[in-house]
Structure formats: C-alpha cells, structure tokens
2 protein chains.
Amino acid sequence: MDQSSPRNTSVTVADVAHKAGVSKATAARALGGYGTVSDRVREAVTAAARELDYRPNELARSMTTGRSGTIGVVVGDIENPFFSLAVRGITDVARQAGFTVILINSGEDFVAERAAIGTLLAKRVDGLIVSPAKENDVEHLHEAVRSGLPLALLDRGSDTLDVDTVIADDRHAAENITRRLIALGHSRIAYLTACDTPDHRFRTAKDIGTGSVRRRIEGFLGVCREAGMIGTEDWVHVGAITPEHTQRIVTEMLQSAQPPTAIIASDSIIGLEVFKVHRRLGLSIPDDLSLVSFHDADWTSVTTPPVTVVRQPVYDLGATAAKLLVERLNGEAQTPRKVVLKNEIVERASTREARF
Amino acid sequence: MDQSSPRNTSVTVADVAHKAGVSKATAARALGGYGTVSDRVREAVTAAARELDYRPNELARSMTTGRSGTIGVVVGDIENPFFSLAVRGITDVARQAGFTVILINSGEDFVAERAAIGTLLAKRVDGLIVSPAKENDVEHLHEAVRSGLPLALLDRGSDTLDVDTVIADDRHAAENITRRLIALGHSRIAYLTACDTPDHRFRTAKDIGTGSVRRRIEGFLGVCREAGMIGTEDWVHVGAITPEHTQRIVTEMLQSAQPPTAIIASDSIIGLEVFKVHRRLGLSIPDDLSLVSFHDADWTSVTTPPVTVVRQPVYDLGATAAKLLVERLNGEAQTPRKVVLKNEIVERASTREARF
DNA sequence: TTGAAAGCGATACCAA
DNA sequence: TTGGTATCGCTTTCAA
C-alpha cells in the first residue's frame, strides 16, 4: 500500500504540467485560478494534480507574491489563561480569513520580544499582533512599522506607536473597583502585579512598562488620592512573576504589622495564589481580607467564597485585534484605529466591609 | 527621524554585496558563516549589512536549503489548560533548538485537523507534532510520514503509526483511581468525557477515537469488571464538549433515580463544571458525591473541598515530544521511540466512602 | 488561450 | 579565497 503511493515530496507545477501535456505557466494558471485557461485544459491539469497529489509550495509562492499568508503573534505567556483565550480569539479570526498564525512567547521579556519580532520579520509574516512587554521599549516595533509591516497592538497600547490598538478600559475598571472597596471602608488596599521594576520596588506608575497594568495602577492611585488616602504607593507590590514570588510577597504582606484589608490581584494567576496563601495562613475571605482579581478565570466562581473579578473581554480583545489587522492586510485600512472594549465588574462574595 | 532610516524592505544580499564591493556569493558566505572568507572581507560585509539593516529572507533561504526552521503543532484546543501547558513545553524546547512553532487548533475536529496538516505541509514545516483527534482516522498523518516529514504524536498514540510518541500512562491512572473508589465502597461510578460518538451514547471503548481517553475508559471498565460490577458501560458518558453540554449531562445524571456516587472527569474543564453543578444542586462533595478529575489544574487545590486529581506531566509531555522531534530533525534519530510518562494521583478531599 | 522566459532571494557548486 | 552561475518552485509579464 504505502509504496504504491507516490512520495509527493516535491511534486511541482512542472511535474503536473508535464503530465497534463501543457506548459508550466498554463498549469500554474489552472491551479492557481488566475489568468485565463480553457475548461478542457483546466480539467486535465486538475486531474493530473490530483493524481500526483500535488501540493503547492507555499514558500515558493510567498517568495514571488510577497505575501506569506501568515500572521505573527507575540504574547507574554501562552500558559496564562488570559493570553491563551486571547490567542484563541486571534486564531479563530485569522483562520477564517485564510491566515495562519505563528505564535511566539516573549515571557514578558523585552529582549526575547525583540528577538521574536526579528524571527517573524525574517519569516516575512504579512502582519504582526503584539502585546508589548514594555510600552516604552518599542523601538523594534517602530522598526517593523517603518519597514511597512502592518501591526496591531493587543491589550497594551503605546503613545508613540500610531497603529491599530485594542485594549480594555482597565483604568476605568480599576477606578471602579477601588471606589467600591473604599466605600466598603477599606483604607489599606494592596495592588499586586507581576510587572517588575529594576529594584523590585514601586515608586510611581511611570515605572510600570506594561501599559494595561500601568493604567490600572494609575486608576487605583488616583481614586485613593481623591479619597484623601496618602502613601498609597507603598501598597503597590510588583514582581509577582511566579507563584513562588507571589506567595512570598503575599505572606509577608499579610503577616506585617499593617496588613492590607483588601487585595487587588492584577491577573488570575496572582489571584489564585493570594487565595492559596490566605488559606494557608488560616485567614478568612472576606472576613479578614477582601479579594478582587482581574480576569474572570473559570475557577473564580467555584471557590468558597467565589471571587469578585474584573471580567475582561479577553476573547474579543484577541478577535478584534485580528480583525483590525486582517482588514488592513486586505487593504480596507483607514487610519489606525484605537478600540477600547468594556470591562465588567462581577461582584461576588470575596469583598465585604472592612473589619475594624 | 523615521525617514532617515532606510526602509529595509528587501535589502538583499546583492545590496550588501554591492555596498561591500564584493560578489553576491562572497557576501552570502560571509553572512551565512559558511564556506571560507577572508577576515577583511567578512568585516566589510558585516559592516555593510549592519548599515543597511540587512535581514536575511528566511523564505528564500528555506527554499534553497529545504529547511524552514519551523515546527508545525496541531492540538485540540489551545484554550484548554492541558494544551496550553503542553504547548508551552513544546515552544520552550523548540525555541531552544532554534525552531519556530506554527500552532493550529483542530477543535478536536478530524476534518479541521486534516486541513491543518495540509496547511503545514504547504508551509514546508520541518516537522510535525500532532495530538490526533481520532486515532483511527490518521490517513492524513500517514501521508505526511510517507512524504518523509518527521512526526511526533502528543498524548495520543496510534498503533498503525510507527512514529515518535509521548503519552502518559492514563490506563494505569484510571485503573488506580477506579480501584480506590471501589475500595471506598462506590459502585455507581460515572466517567465523563468530551469525546463524542455519532449518537452521543457510549457502548464500547472502541467507539472512542481519542487514544488517551480510550485507554482511560478501558482501564476504568476493566477494573469495574474485575470487581464484579456489570453494566458499567452505561456509566460512561460522552459528548461533554462544552460547559453547557457538561452541565446538562451532569445535572441529568445527578437527578436520576440512580445517581452516581462518584464521578471521574476526563479533564479539568469538565471537572470544573461537575463542581459547579453539584453546588447548584445543593449537593455536597464528598458527602453526596466523590469527584476525581484528570489534569491537576491550578484551581483544583483551592476549592472547598480540594479536588482529587490525576496529575499528568503535561509540560513534560509537550517538552518531550518536541525533544524527540528535534533530535530526529538533527539526524540523531534512531527507530521511533515510544515514551510513556508517569501520572501521579493526588488524593485530596473530594473523595470519600460512598454513602448508603 | 497558451508558452517562453524573467524574476523573487537565498544557497551551492565549480572554476578561477 | 573569490566570483559566476545554476537552482529551488512558483508567479507574472510579454509574445505568439
């Protein structure tokens, strides 16, 4: 069986043309569906192609057409449910539009991100969707744009980069949730993020390179200031880059002389660790501690108590970014569009009045 | 600023060669680091390349070398934590070895999977890692193998496909967990999977196309038979393909005249839904129902009670598959290897003696 | 409607 | 050590 079947490694248009008794050019036209070919010839070529199990070499095609039918995607960490869901949104839309996705993890590392962009440029992707680790270090993205490559930004914008951008209204969500906590009587509210600073300490929101997170922190700090709270900056903790880091930070925080009465977790991975630590320390949510987490991860509704979350339109974030990019690739592009999707606060049982 | 920077679209070796005052061939040698070049020339060429911001066109390179530096990966659903973790393992190893990954979702659909393989073949990937939706419908994979493309199977093997394969000992894990449940006095044990049959009913394990799941069910049924239980087939439920499906199935099951006293969930997404439903119905785990889930998802340890799980070496599953493939691509290949990684049962508080 | 031939951008062989 | 040139598989003028 196996050996009767032809090895289709390198069955080329030339082979098909030969078998069909026509020229290479004609065969190519018939196969590619462009130019004009007589029905008789088209059939002959199609038959020959089928018989030989001809598969066009996309690489060669790309080289002449200049289009690769590929979209490069660079995200922080595919293992993070946030990104895996966003990527799902991207790939669904991309495939529908006939594009294949090349996915690269940056690990939220700027250097890795730059390398990823380089790889994708070399592979001649038709377009790029990136979730920049640092909004200020985007020279590599400028370069890509300069070279004429369409780019869409996902979840994180950049002031200096005038390209299609899709983000959620994270500042607004942070403001809202902070207001609610303050209304509940909380005055010691901690914000915990994976983003890091060189010395692992937080001073000002400007130090936070990740745009979405910076906006959240700005919102948080702004509302606290409005409420007359001072020294709120000290309640922002950075560097929760692994579960272990997070556990250490949270444990220290909760065991300090002035423990927070509420914690805002910047993503669901951090939220989960906060939840684990409070258990281990024998505390009670929401009696001893209120918890709010960004990202409505699936598990947040089944814990005891279920966790109040900021429900971000994650799938749509990805899908929309892909849509904008595809439209641009298809030449339906206007000036760069900035899309801001709405977050929704889902209040569950992990938040309650502060205890005095 | 921007306009002073050269558009590096199509800066070719020829351009670099011209600027460096050497021939195309020499420039290519200097840049590619192959052949022999004098130091003086190498420097000149390198300088010219840097100045022009030359980026080799991988597409063109691939066409001549026949290698694309790309690995194609086809998984069921990147949104499933199982796959996103496995993919993380794959990409980590692949990148380390200098390969880029093209990822395609099959949605566990056989037709989509075949199309995905087609796309990857056309893109001339150097190798393939696939998690076949159906172990019997692998003609498209045979074809790929026949055409000489290295293939590694992830999580699901195939008897007819003699290629590198990495799976976990799921049958063994299922046997173990079933024995424990039986030892706890359970006699009405349900197994719930997303895999489906044409009429959405389960008759025999042979109907299950997904290898890993089939082996689990075989283990489950085998132990039940050993224990003298009959009609166990009726306790296997298929078609839990979405949260909604799962909820419907579980609700019906638990509200029937003969509800199960224990449920084995085939993946963490299903396990989560079972957990949600038991809550909604006002039941108690483990008093009214014991629950075991495959995949040690992060949330399983924070629920009340925490969930007993089969901890699969998911990251390693992916990493190992990639390792085998890379070795083969590097010509360090021997005969196809079948790797079976160990599962571990993590007993938590969701399992207890059956109530009578 | 068809065919011949010129690219695309790199590599690789063979002479010089 | 270098340069000239064929080649990879396809698309795309340009003539016929």
Enquirer: Would a distance-only check, ignoring hydrogens and angles, find a side-chain to backbone donor-acceptor pair under 3.5 Å from B:Asn105 to B:Gly107?
Expert: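 Not confirmed, B:Asn105 side chain does not pair with B:Gly107 backbone.
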Enquirer: Is the closest side-chain donor-acceptor distance between A:Thr70 and A:Asp126 under 3.5 Å?
Expert: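 Side-chain D/A pair, A:Thr70 to A:Asp126: absent.
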Enquirer: Is the shortest side-chain N to carboxylate O distance from B:Arg61 to B:Glu58 below 4.0 Å?
Expert: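 Judged by the 4.0 Å cut-off on N to carboxylate O distance, B:Arg61 and B:Glu58 do form a salt bridge.
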Enquirer: Going by the side chain to side chain donor-acceptor pair (under 3.5 Å) test, which pairs reach into residues 110-122 of chain B, not counting sequence neighbours?
Expert: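 Listed by first then second residue: B:Glu113-B:His140.
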Enquirer: For A:Asp159, I'd like to know if atom CG has over 12 heavy atoms of other residues, nucleotides or ligands within 6.0 Å.
Expert: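 Open.
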Enquirer: If you walk 5' to 3' along DNA chain D, what is the first nucleotide with an atom under 4.0 Å of a heavy atom in chain B, and what is the last?
Expert: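 Reading along DNA chain D, I get D:dT1 to D:dG9.
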Enquirer: Under 3.5 Å, which donor-acceptor pairs link side chains of residues 40-49 of chain B to any protein atom two or more places apart or in another chain?
Expert:
| residue | atom | partner | partner atom | Å |
| --- | --- | --- | --- | --- |
| B:Arg42 | NH2 | B:Val37 | O | 3.2 |
| B:Thr46 | OG1 | B:Arg42 | O | 2.5 |

Enquirer: Tell me every residue that passes salt bridge (Lys or Arg N to Asp or Glu O under 4.0 Å) with A:Arg156, counting only those two or more places apart in sequence or in another chain.
Expert: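 Only A:Glu108 meet the salt bridge (Lys or Arg N to Asp or Glu O under 4.0 Å) criterion with A:Arg156.
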Enquirer: Hey, mind stepping through A:Lys134 and A:Glu139 against salt bridge (charged side-chain N to carboxylate O under 4.0 Å, His left out) and telling me if it holds?
Expert: CA-CA 10 Å; A:Lys134 302 212 179 306; A:Glu139 182 47 35; over 6 Å; no
Enquirer: Identify, between B:Ala27 and A:Ala28, the residue whose nearest nucleotide on DNA chain D lies closer to the 5' end.
Expert: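 The answer here is B:Ala27.
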Enquirer: Please name all residues satisfying salt bridge (Lys or Arg N to Asp or Glu O under 4.0 Å) with A:Glu135, sequence neighbours left out, ordered by chain then number.
Expert: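 A:Glu135 satisfies salt bridge (Lys or Arg N to Asp or Glu O under 4.0 Å) with A:Arg214, A:Arg215 once adjacent residues are dropped.
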Enquirer: What does the inter-axis angle of the helix from C:dT1-D:dA16 to C:dA16-D:dT1 come out as, five pairs per end, nearest 10 degrees?
Expert: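 End-to-end axis angle for the helix from C:dT1-D:dA16 to C:dA16-D:dT1: 40°, rounded to 10°.
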Enquirer: Which donor-acceptor pairs under 3.5 Å do side chains of residues 315-325 of chain B form with protein atoms, sequence neighbours excluded?
Expert:
| residue | atom | partner | partner atom | Å |
| --- | --- | --- | --- | --- |
| B:Tyr315 | OH | B:Asp92 | OD2 | 2.6 |
| B:Thr320 | OG1 | B:Asp316 | O | 2.6 |

Enquirer: DNA chain C: B:Arg61 or A:Met63, which has the more 5' nearest nucleotide?
Expert: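 The answer here is A:Met63.
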Enquirer: Go through DNA chain C in 5' to 3' direction and return only the first and the last nucleotide with some atom under 4.0 Å of chain B's heavy atoms.
Expert: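 Contacts span C:dG9 to C:dC13, reading 5' to 3'.
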Enquirer: Apply salt bridge (Lys or Arg N to Asp or Glu O under 4.0 Å) to B:Lys19 and list each qualifying residue two or more places apart in sequence or on a separate chain.
Expert: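 So B:Lys19 forms a salt bridge (Lys or Arg N to Asp or Glu O under 4.0 Å) with B:Glu51.
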Enquirer: Return the 5'-most residue of the pair A:Ala14, A:Arg29 with respect to DNA chain D, ranking by each residue's nearest nucleotide.
Expert: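 Looking at DNA chain D, the more 5' nearest nucleotide goes with A:Ala14.
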Enquirer: If the condition is salt bridge (Lys or Arg N to Asp or Glu O under 4.0 Å), which residues does A:Arg67 pass it with, not counting sequence neighbours?
Expert: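 For A:Arg67 there are no salt bridge (Lys or Arg N to Asp or Glu O under 4.0 Å) partners, ignoring immediate neighbours.
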Enquirer: Classify the nucleic acid contact of B:Thr36 as base, sugar-phosphate or nothing, counting any heavy atom under 4.0 Å across all strands shown.
Expert: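 Touches a base.
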Enquirer: With sugar-phosphate meaning primed atoms plus P, OP1 and OP2, does B:Ser38 contact a base, only sugar-phosphate, or nothing at under 4.0 Å between heavy atoms?
Expert: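 Sugar-phosphate, no base atom in range.
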Enquirer: Just to verify, what does B:Asn80 make a side chain to side chain contact (heavy atoms under 4.5 Å, CB included) with, not counting sequence neighbours?
Expert: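 B:Asn80: side chain to side chain contact (heavy atoms under 4.5 Å, CB included) contacts with B:Asp77, B:Phe82, B:Phe83, B:Asp267, B:Ile269.
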Enquirer: For DNA chain C, determine which residues of residues 16-26 of chain B have any heavy atom closer than 4.0 angstrom to one of its atoms, and list them numerically.
Expert: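 Output list: B:Lys24, B:Ala25.
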